[in-house]
Structures are given as C-alpha cells and as structure tokens.
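Counting begins at 1 with the first residue of the sequence.
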Amino acid sequence: MPAIALSLVQATKRYGVRAILDGLSFGLMQGEKVGLIGRNGAGKSTLFKLISGEDHPDEGEVILTGGLSVARLSQEPDFERDATVREALESALADHRALLERHAAIHDALAKEDSTKLHEELEAIEHRLHHLGWDLAPRIQAAATFWGLDDLNAKVAALSGGWRKRVALAQAWLRQPEVLVLDEPTNHLDPDQVEKLQAWLQTFPGALLLITHDRQLLDAVVDRMVELENGKATSYDGGYSDYLLLKADQEFREARLTDHMQNRLRTELAWLRRGAKARTRKSKLRIEEVLDLKDEVADRTKLVAKQALAFQSGSNRSDALLNGRALTFSYGGPELLGGLDLVLQRGMRVALLGPNGCGKSTLLKLLLGELNPTGGELSRHPKLKITTLSQGRGELDGGRDLAWNLCEGAATVNFGGAITATHVYLSRFGFSVPDQRRDTASLSGGERNRLLLAKAMLSPADLLVLDEPTNDLDIPTLQNLEDALRSFPGTLLLVSHDRFFLDQVATHTLAWQAGTPRWELYEGNPATVRDLRAARGAEQAATGFRLPATEIKSSAPTKPKKPGLSQKEQRRLGEVETAMAGLHTRIESLDAILADPAAFLTADAPGHQALKDRDAAKGELETLEMEWLELEEKRNEG
C-alpha cells in the first residue's frame with residue numbers, strides 16, 4: 001500500500017486580501033506521478049514555493065514524510081556565482097561526497113581504536129557506496145553525456161536559458177530523489193531534450209509533481225491531473241487527454257444543472273411578480289429561498305471570459321501565395337535548404353519541424369523576403385499581406401505602456417471592421433485597466449505574449465508567421481489560441497516546441513531530413529510525420545518476406561453488414577452510459593476521501609479501502625469505456 005510522500009493540509013496563502021490558495025488539501029503518494037495545471041495566477045508557482053520551503057502558508061501546513069529525499073526544479077534555477085558546469089553537478093552530489101568523507105574518517109578512527117558501532121556504520125556506508133560508486137567522476141560524466149553537457153568547464157552564468165535548464169535537470173537526475181517537483185521543466189528546451197526529459201520521467205520510480213504547459217508531456221508521463229482553480233484543487237484520473245474528457249463531462253453536467261436552476265428561478269420570479277404576500281411564515285421562507293436561488297444562479301453563471309482570440313484574414317483570395325523552386329541558401333558554409341520546392345496555398349497551416357540549428361529561422365526569413373536565396377527561384381503574390389510574431393518579442397518598447405505598444409496610444413482600434421475602445425479591447429486579453437498603464441518592461445513573459453497576440457490580431461493577413469507563439473501561455477489560453485488558428489482562413493507558418501499545439505493546429509508539416517540534408521513537405525501534422533518516418537525506418541530495417549499487395553486482398557467478397565445499431569445494442573448503449581456516469585460519481589467521491597492526508601494516518605483509516613475501491617471502479621470503467629467506444633463507432637457508421 002503506497003504511503004503519502006508529501007501533503008498540504010488546509011493550506012491558505014494570501015497576497016493582500018486575496019487568497020491565492022484557500023484551505024487547500026492535497027496529497028502526493030509515493031510512486032505517483034501528478035500533473036498540476038491552472039490559469040496564470042491560479043497559484044501553481046505559489047504552491048511550488050510552499051512545497052520547496054521558499055515560502056510558508058498563512059494557515060495550515062505542508063508535510064513531507066520524514067526520511068524522503070526531495071529534488072525541486074524552479075522555472076529559473078539558481079546556481080552558485082561563477083560556478084562551472086562541473087562544479088554545479090558536483091554540488092548535486094553533496095550526499096555522495098559526504099559518504100566518501102565519512103568512510104575515510106571511520107577508517108582513520110578504527111586505526112586508533114576498534115569499535116563495533118563504527119564497524120556497523122562502515123558496513124552500511126560501504127553498502128551504499130557499492131551502489132553509488134567510489135568516485136564522483138563517472139556519475140558526473142554520465143549526467144553530462146545524458147543531458148548533452150559537453151563543456152564541463154563553461155561558466156553556468158554565461159550559458160543560455162536552455163543550457164542552464166539542462167544543468168539544473170542534470171543536478172536533479174544526479175540526486176536520484178524519492179520525490180521530484182518540477183516547475184515548467186521544458187521551458188527553453190529543444191525537442192530532443194524534451195524527449196530525454198520525457199523518457200527519464202516515464203521511468204522515474206519516485207513521486208513526481210509536474211507543473212507544465214506541455215500537454216504532450218503530461219499525457220506521456222502522469223497518471224493523475226490536478227487543476228488549481230479559485231484556490232481549490234480538483235483531481236482527475238489519467239493524463240491530459242483523460243482530463244479533457246472528464247472536464248467536458250463535468251462541465252456538461254454543470255451546465256444541465258445551471259439550466260435547471262435558471263428555469264426554476266424564472267418560475268419563482270414570476271410568482272413574486274404576481275404580487276406574492278410576505279405575511280405568512282411560509283411565504284417569507286419561500287421569498288428567502290428565491291433570493292438565495294437568485295444569488296446561486298448568479299454565482300454559477302459568472303463564467304471566466306474567453307479571450308477574444310481571432311486573427312483577421314487579408315483581402316487576397318488567390319490560392320497560390322508563395323512559390324519556391326529548387327531553393328538553396330548558404331551563409332558561406334553548409335547548404336541549409338537542399339533544393340527546396342514549396343508552394344504555399346491559401347488555407348494551409350504548416351508546422352516547421354526540426355532540431356535547433358537546422359535553419360528554421362533562416363527559412364522563415366527567406367520566405368518573408370528578409371533574405372534572398374543563393375539559388376533557385378522564389379516568387380510571392382504581389383498583394384501578399386504578412387503578419388509576424390517573432391520569438392525574440394523585440395516588437396515591444398519596454399518604456400511605454402500597453403496602449404502605446406498596441407496602437408501607439410490611440411483611443412480606439414479597428415477589430416474586424418468594428419471600432420472598439422482600446423481599453424476594452426485589451427481587457428479581452430486579461431489586462432485590467434490599471435494594468436494597462438504599466439510599462440511593458442514590467443510584464444511577465446505570458447503577459448508580453450498576450451499583448452503581442454492582441455497586436456497581431458489587429459492586422460489583417462494573408463500569411464501569418466508565428467515563431468514560438470505558445471511561450472509562457474497557460475493551458476486555457478493555449479486552447480483559445482488553437483481555436484483561433486484553426487478558424488483562420490489564411491495561410492499559417494508555425495514554429496513551436498509545443499508538440500501538442502502543433503498536432504492540434506497544423507494541416508501540413510515541413511520537416512527537416514537530417515541525413516540528406518533537405519526539407520520535405522508532408523500532408524498531415526507532425527505526429528503523422530513521426531509515425532510515417534518510424535514506419536519507413538521499420539520497413540527499411542525489416543528483412544522478412546512480404547506478400548505483394550495484390551496477394552493480400554481476399555478473393556472472397558464479404559457480405560455487407562447493415563450499418564448502425566440494432567435495438568438491443570441501442571438499449572445496451574444507454575445502460576453503459578448510465579453505468580459510466582455512476583462510476584464517475586463513485587470515483588469522484590473516492591478521490592475526495594483520498595485527497596485528505598488524514599485518510600492514511602492509521603491502519604483502519606478510510607483511505608486504504610478507498611484506494612482499493614477506486615482501483616476496482618477504474619478497472620470497471622475502462623471496460624465499459626471500451627464497450628461504449630465500439631457501440632458509438634458502430635452507431636456513427638449508420
């Protein structure tokens with residue numbers, strides 16, 4: 001039976017009068033992998049600081065099970081001043097070094113005086129050192145090799161954000177902790193390093209709390225999702241995709257309940273308007289109930305305003321916007337394009353896929369006309385309108401406020417043909433009126449990105465070029481951005497390290513082929529390209545005999561089946577849906593028990609049985625879900 005690794009018990013943290021965390025109770029079991037998500041400002045980083053000991057709750061407590069080793073990685077890791085990469089990695093092995101030093105000290109003590117107690121301690125230390133090794137150098141070299149840290153003598157302070165993040169991950173990897181807490185570990189990492197991180201976390205045997213906007217990483221690693229909202233935590237079994245399904249189901253049931261309450265409120269208000277008299281005790285109570293119901297409906301319908309993300313299309317209706325033939329480019333060294341043939345047509349959403357250094361930024365500059373090809377022909381439609389969002393975010397003047405950066409301080413903006421007050425338009429992107437007066441230099445990374453997206457949406461475009469548009473955005477904003485880009489009728493060029501985002505948006509993929517080298521255009525998103533290349537590699541590696549396609553087909557014609565569900569299957573589908581709804585409710589009630597850290601404090605505490613019941617319910621739910629999918633697919637065929 002797994003025990004709790006760490007927990008928060010009724011933890012409250014306020015900044016001013018606002019409670020960021022409000023009586024939060026949360027438990028992380030040993031060996032469990034949990035993903036933590038929420039909007040910007042929901043309290044994710046605050047929770048990380050509480051767990052890390054950087055801050056303390058105003059009320060409640062944070063409990064770490066005694067004896068467990070913990071490694072924590074913040075968004076911007078700190079290092080000793082002037083430390084080299086080697087020294088930073090050595091600092092992560094302080095416990096290992098202490099064992100070696102204690103081993104030597106015990107030998108010196110035993111040379112002077114024999115002691116049974118010292119012999120026992122020496123035996124225990126030697127047992128651990130047989131596992132860890134008798135030298136720090138091999139472990140440091142293994143970490144450097146795994147994370148690609150070639151120059152161990154480089155100063156960490158002189159490294160880029162991506163390389164510093166690699167050093168911090170190598171430190172956590174070396175510590176071999178029993179509890180691992182990571183806050184946005186994929187920031188600044190290239191795709192290869194994200195895949196290494198994913199492989200490590202998948203095999204990590206300890207407890208993991210992962211705060212990240214990388215939804216593909218969440219899907220691949222975690223077995224439970226926790227959403228922070230309004231200072232509270234809600235738990236969902238499974239990865240990010242499971243969370244989306246469960247959340248959608250929950251929101252559907254909430255909407256049904258809200259509709260029911262609104263209908264009831266309309267009836268009760270009609271009764272009041274007919275001149276209800278408050279003379280009798282029964283009438284007074286009913287009036288009070290109506291007023292309470294009105295307040296409750298008002299609370300339930302206070303939805304978080306969805307950001308008005310919509311990109312405006314240009315007036316160009318031509319199908320072919322850009323045409324390149326046999327394009328080559330070189331800065332005087334290696335060829336970067338490899339004779340690229342590319343036709344960008346209206347409606348294409350193209351993801352650029354390739355490792356850092358393969359020339360993605362160069363290719364974008366070439367297509368935008370900032371560079372000229374050294375070979376081949378490149379033509380653009382004469383009326384082509386282009387809107388760009390660069391990775392460096394250099395378009396903003398840090399000494400000016402938001403309105404100046406958006407529209408040079410104009411009182412109104414033209415959005416989709418409608419004249420809108422500038423402060424109203426900015427508020428749609430989560431900027432309050434007081435915040436709009438701030439200098440842009442004081443904005444966070446996510447706020448700067450939202451401001452640039454707001455600015456880009458004011459410019460009609462035939463071709464939209466976005467370089468890392470997802471940086472520092474929270475998951476709800478990412479979802480809104482995905483919807484906006486899928487609805488954009490123009491042409492889109494996308495560069496992003498967010499694999500989930502690219503798979504949701506792209507219709508085509510321009511992928512770098514390292515062995516050739518050259519760029520290849522595929523129809524389909526990056527996931528399709530990865531699968532296609534994997535299949536191609538497997539086919540090339542295979543040596544077994546394969547039948548020709550003509551021999552694989554069956555010669556006997558198959559009798560066509562009647563599409564759709566039979567009456568019996570329709571009844572069964574209803575039974576399955578009812579049973580699934582009951583199991584979801586059952587699992588939610590069991591999760592509420594398991595979220596209480598006191599649920600495992602004693603042998604007869606309710607958490608032990610609740611954990612068994614949840615596993616059984618989850619297994620039954622998975623069986624029903626498979627049956628439901630089969631029935632739904634058959635019904636859709638009809």
Side-chain angles (χ1 to χ4, degrees), residues 18 37-44 213 227-230 247 251 255 298-314 385 387-390 393 395-398 400-461 464-490 492 494 496 498 501 504-505:
R18 182 190 173 200
I37 60 173
R39 290 183 176 274
N40 288 344
K44 301 187 296 296
H213 65 272
E227 183 179 31
L228 273 183
E229 193 173 24
N230 299 323
K247 181 78 171 178
E251 290 176 345
D299 288 339
R300 294 181 67 87
T301 53
K302 283 181 182 177
L303 301 178
V304 177
K306 187 172 182 179
Q307 295 171 357
L309 301 187
F311 292 94
Q312 300 183 65
S313 176
K385 290 184 178 180
T387 296
T388 63
L389 180 66
S390 68
R393 311 297 189 242
E395 300 92 331
L396 298 178
D397 185 338
R400 302 277 193 162
D401 64 16
L402 276 65
W404 192 95
N405 276 281
L406 178 76
C407 56
E408 296 187 352
T412 60
V413 294
N414 187 333
F415 181 65
I419 303 301
T420 305
T422 300
H423 71 275
V424 173
Y425 179 75
L426 282 170
S427 68
R428 296 175 182 173
F429 293 83
F431 297 110
S432 65
V433 174
D435 281 345
Q436 295 175 23
R437 303 188 186 100
R438 294 160 53 192
D439 286 347
T440 310
S442 67
L443 299 180
S444 68
E447 289 170 330
R448 291 172 65 86
N449 206 358
R450 292 208 309 272
L451 178 58
L452 283 169
L453 287 170
K455 185 175 182 179
M457 291 174 191
L458 293 177
S459 302
L464 190 59
V465 182
L466 304 181
D467 193 355
E468 297 294 353
T470 66
N471 280 357
D472 304 306
L473 296 181
D474 58 26
I475 287 180
T477 305
L478 286 173
Q479 293 169 335
N480 293 338
L481 179 59
E482 288 166 3
D483 292 341
L485 292 176
R486 283 194 293 261
S487 301
F488 178 61
L492 177 64
L494 267 175
S496 177
D498 190 327
F501 173 77
Q504 292 296 306
V505 173

Stepwise side-chain hydrogen bond (donor to acceptor under 3.5 Å, both in side chains) check, Asp474 with Thr477: CA-CA 6 Å; Asp474 58 26; Thr477 305; 2.6 Å; yes

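What you find for Arg400 and Asn405 is that their closest heavy atoms are O-ND2, 3.4 Å. For Leu402 against Arg438, the heavy-atom pair with the smallest separation is CD1-O, 3.4 Å.
The aromatic rings of Phe311 and Phe488 sit perpendicular to each other, their planes meeting at more than 60°, with 30° as the lower class boundary.
A donor-acceptor contact shorter than 3.5 Å is absent between the side chain of Asn414 and the backbone of Leu458. When atom types are taken as modelled, the side chain of Thr422 and the backbone of Ala411 share a donor-acceptor pair closer than 3.5 angstrom. Checked by atom type and distance alone, the side chain of Gln312 pairs as donor or acceptor with a backbone atom of Met457 at under 3.5 Å.
You'll find the side chain of Asp498 stays beyond 4.5 Å of the side chain of Leu473, heavy atoms only. Side-chain contact check for Leu451 versus Phe429: every heavy-atom pair is 4.5 Å or farther apart. Under the 4.5 Å side-chain criterion, counting only non-hydrogen atoms from C-beta, Leu464 is not in contact with Leu389.
Interatomic distance, Ser442 OG to Asp435 CG, rounded to the nearest 0.5 Å: 8.0 Å. Rounded to the nearest 0.5 angstrom, Ile419 CD1 and Tyr425 OH are separated by 12.5 Å.
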